[in-house]
Amino acid sequence: MEGEPHDALPGTPTGGTTPAGAPGAPDTPDGPGTPGGPTDAAGGTAGAGAEGAAVPAGTALPAVPGGPAGSHPPDRTQAILEATKQVAALLKGAGHPFALAGSVAAYAHGVPKSLQHDTDFAILREDAQAIAQDLEAAGIQVRVPPEDWLIKARSHGEEIDLIFELARHPVTPDLLDRAHTLPVDSVRMPVLAPTDLVGSLLAAFSEHHCDFGAVLPIARTLREKIDWDLLRRENEGSPMPEAFLYLLERLNVIEPREATP
């Protein structure tokens, strides 16, 4: 889940910058006139493409990490969407109640976003074992991390978090019943309602994780669909969520709270 630490699998790409020279790292082409740049017999850069990137003649382009050449989606956002669709289809087919959460839920609600993190699904704690078995039967790797509020899966080279506590609040049937059914890259699935989605993000703020910049565009886009009075009541006395709500007021994203007479 975004905002919570993830224990990475050994050897698993984490989405960070690949060190130069490592397998799959992009080569840095030598520019014109740079000493040491590979040249052909005529003095030009060997294997230069249409945009001038230097590729030594006869060098095979590396396969995209995560699977055989041509099997992985061309960008991170599409890879995350493919993983989301596969897991959602399996959960729907098995009849497990669930709702999409996190940044992919925001994307489904129309927030323009380049997805860079894992996919989050809210599930019921009592369904966790059956869901793990169904995913494993479909060939999806599942593991139980040290955290006792989720299980993890991996699909299309992307992490999937199946969460039964959103920021220390248990996922309930009422929460899932309030979900909106929306298309996610052509596959329809339950998605957390806007108020529940932003509420879960506010509840995740803490002294150790307080990234207002990641939540601000979500609040801006969905502001007319959110019950702000409810979120104020739920977060009363919590410094970080209250600070974020005050920021929204100062930025004219939401109306200021009426002063108590």
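Being a predicted model, the structure only gives us computed values, none of them experimental. Along the sequence shown, residues carry numbers from 1.
Contact record, Ala204 with Ala167: N-CB, 3.7 Å, taken as the closest heavy-atom pair. For Leu222 against Ile226, the heavy-atom pair with the smallest separation is O-CG1, 3.3 Å. When every heavy atom of His180 is checked against every heavy atom of Pro194, the shortest pair comes out as CE1-CD, 3.6 Å. In this structure, Thr195 and Lys225 approach most closely via the heavy-atom pair OG1-O, 3.8 Å. When all heavy atoms of Pro217 and Gly213 are compared, the pair lying nearest together is CD-O, 3.1 Å. Pairing each heavy atom of Arg168 with each of Ala203, the nearest pair is NH2-O, 3.0 Å.
Val171 places none of its side-chain heavy atoms less than 4.5 Å from the side chain of Ile123. Considering only heavy atoms from C-beta on, Met240 comes within 4.5 Å of Glu207 through its side chain. At a threshold of 4.5 Å between non-hydrogen side-chain atoms, the residues Pro170 and Phe164 do not count as touching. A 4.5 Å side-chain heavy-atom check between Leu182 and Arg188 finds every atom pair outside the cut-off. Residues Arg143 and Arg154 form no side-chain contact, since every pair of their non-hydrogen atoms from C-beta on lies 4.5 Å or further apart. At least one side-chain heavy atom of Leu90 sits less than 4.5 Å from a side-chain heavy atom of Ile140. Looking at Leu150 and Pro145, their side chains come closer than 4.5 Å, going by heavy atoms from C-beta outward. You'll find the side chain of Asp120 stays beyond 4.5 Å of the side chain of Leu162, heavy atoms only.
Taking CZ of Arg125 as the start and CD1 of Ile163 as the end, the distance is 12.0 Å to the nearest 0.5 Å. Taken from CG in Leu192 to CG in Leu176, the straight-line distance is 7.5 Å, to the nearest 0.5 Å. In this structure, CH2 in Trp149 is found 5.5 Å from CD in Glu147, a value given to the nearest 0.5 Å. Atom-to-atom distance recorded for Ile151:CD1 and Ile160:CD1 is 11.5 Å, nearest 0.5 angstrom.
Leu248 and Tyr246 sit in two unconnected hydrophobic clusters of ILVMFWY residues. Membership requires side-chain heavy atoms under 4.5 Å apart, directly or through other members. In terms of hydrophobic clustering, with Ile, Leu, Val, Met, Phe, Trp and Tyr side chains grouped at heavy-atom distances under 4.5 Å, Leu251 and Ile254 are assigned to a common cluster. Linking ILVMFWY residues whenever their side-chain heavy atoms come closer than 4.5 Å, directly or via other members, places Val253 and Leu197 in the same cluster. Leu230 and Phe205 fall into different hydrophobic clusters, where Ile, Leu, Val, Met, Phe, Trp and Tyr residues are linked whenever their side-chain heavy atoms come under 4.5 Å apart, directly or through other members.
Under the 4.0 Å criterion applied to side-chain N and carboxylate O atoms, Glu249 and Arg257 are not assigned as salt-bridge partners. Salt bridge annotation for Glu236-Arg233: absent, with no cationic side-chain nitrogen under 4.0 angstrom from a carboxylate oxygen. Classification of Glu242 and Arg232 as a salt-bridged pair fails, no side-chain N sitting under 4.0 Å from a carboxylate O.
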Inset, instruction - Take His109 and Val191 through the test side-chain contact (heavy atoms from CB on, under 4.5 Å) and record every step on the way to the result. - result: CA-CA 8 Å; His109 278 293; Val191 180; 3.6 Å; yes
Inset, instruction - Show the numbers, then the answer: is there a side chain to side chain donor-acceptor pair (under 3.5 Å) between Glu82 and Gln78? - result: CA-CA 6 Å; Glu82 293 298 328; Gln78 192 58 41; 2.8 Å; yes
Legend entry - Ile218/Leu201 under side-chain contact (heavy atoms from CB on, under 4.5 Å): CA gap, chis, key distance, verdict: CA-CA 10 Å; Ile218 299 174; Leu201 299 176; 3.8 Å; yes
Inset, instruction - For Leu100 and Thr119, run side-chain contact (heavy atoms from CB on, under 4.5 Å): C-alpha distance rounded to whole Å, both residues' side-chain angles, the deciding distance at 0.1 Å, then the answer. - result: CA-CA 8 Å; Leu100 188 62; Thr119 296; 3.7 Å; yes
Inset, instruction - Might you work through the side-chain contact (heavy atoms from CB on, under 4.5 Å) test for Leu202 and Leu245, ending with a clear yes or no? - result: CA-CA 9 Å; Leu202 295 187; Leu245 293 170; 4.2 Å; yes
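Within 6.0 Å of CD in Glu255 there are 12 or fewer heavy atoms belonging to other residues, nucleotides or ligands. For Phe212, the CZ atom sits in a packed shell: over 12 heavy atoms of surrounding residues, nucleotides or ligands are nearer than 6.0 Å. With a 6.0 Å radius and a threshold of 12 heavy atoms from other residues, nucleotides or ligands, Tyr107 has its OH atom at or below the threshold. Applying the 6.0 Å contact sphere to CD of Glu224 captures no more than 12 heavy atoms from other residues, nucleotides or ligands.
No donor-acceptor distance shorter than 3.5 angstrom exists from the side chain of Thr221 to the backbone of Val111, with no hydrogens or angles considered. Put simply, the side chain of Thr181 never gets that close to the backbone of Met189: no donor and acceptor are under 3.5 Å apart. A distance-only check finds a donor-acceptor pair linking the side chain of Asn235 to the backbone of Leu231 [under 3.5 Å]. The backbone N or O of Ile80 lies less than 3.5 Å from no partner atom in the side chain of Lys85, so there is not a single donor-acceptor pair. Here the side chain of Ser238 pairs no donor or acceptor atom with the backbone of Pro241 at under 3.5 angstrom. With Trp228 contributing its side chain and Arg223 its backbone, the two residues share a donor-acceptor pair below 3.5 Å.
Of the candidates Val104, Leu81, Thr84, Asp185 forms a side-chain contact (heavy atoms from CB on, under 4.5 Å) with just one, namely Leu81.
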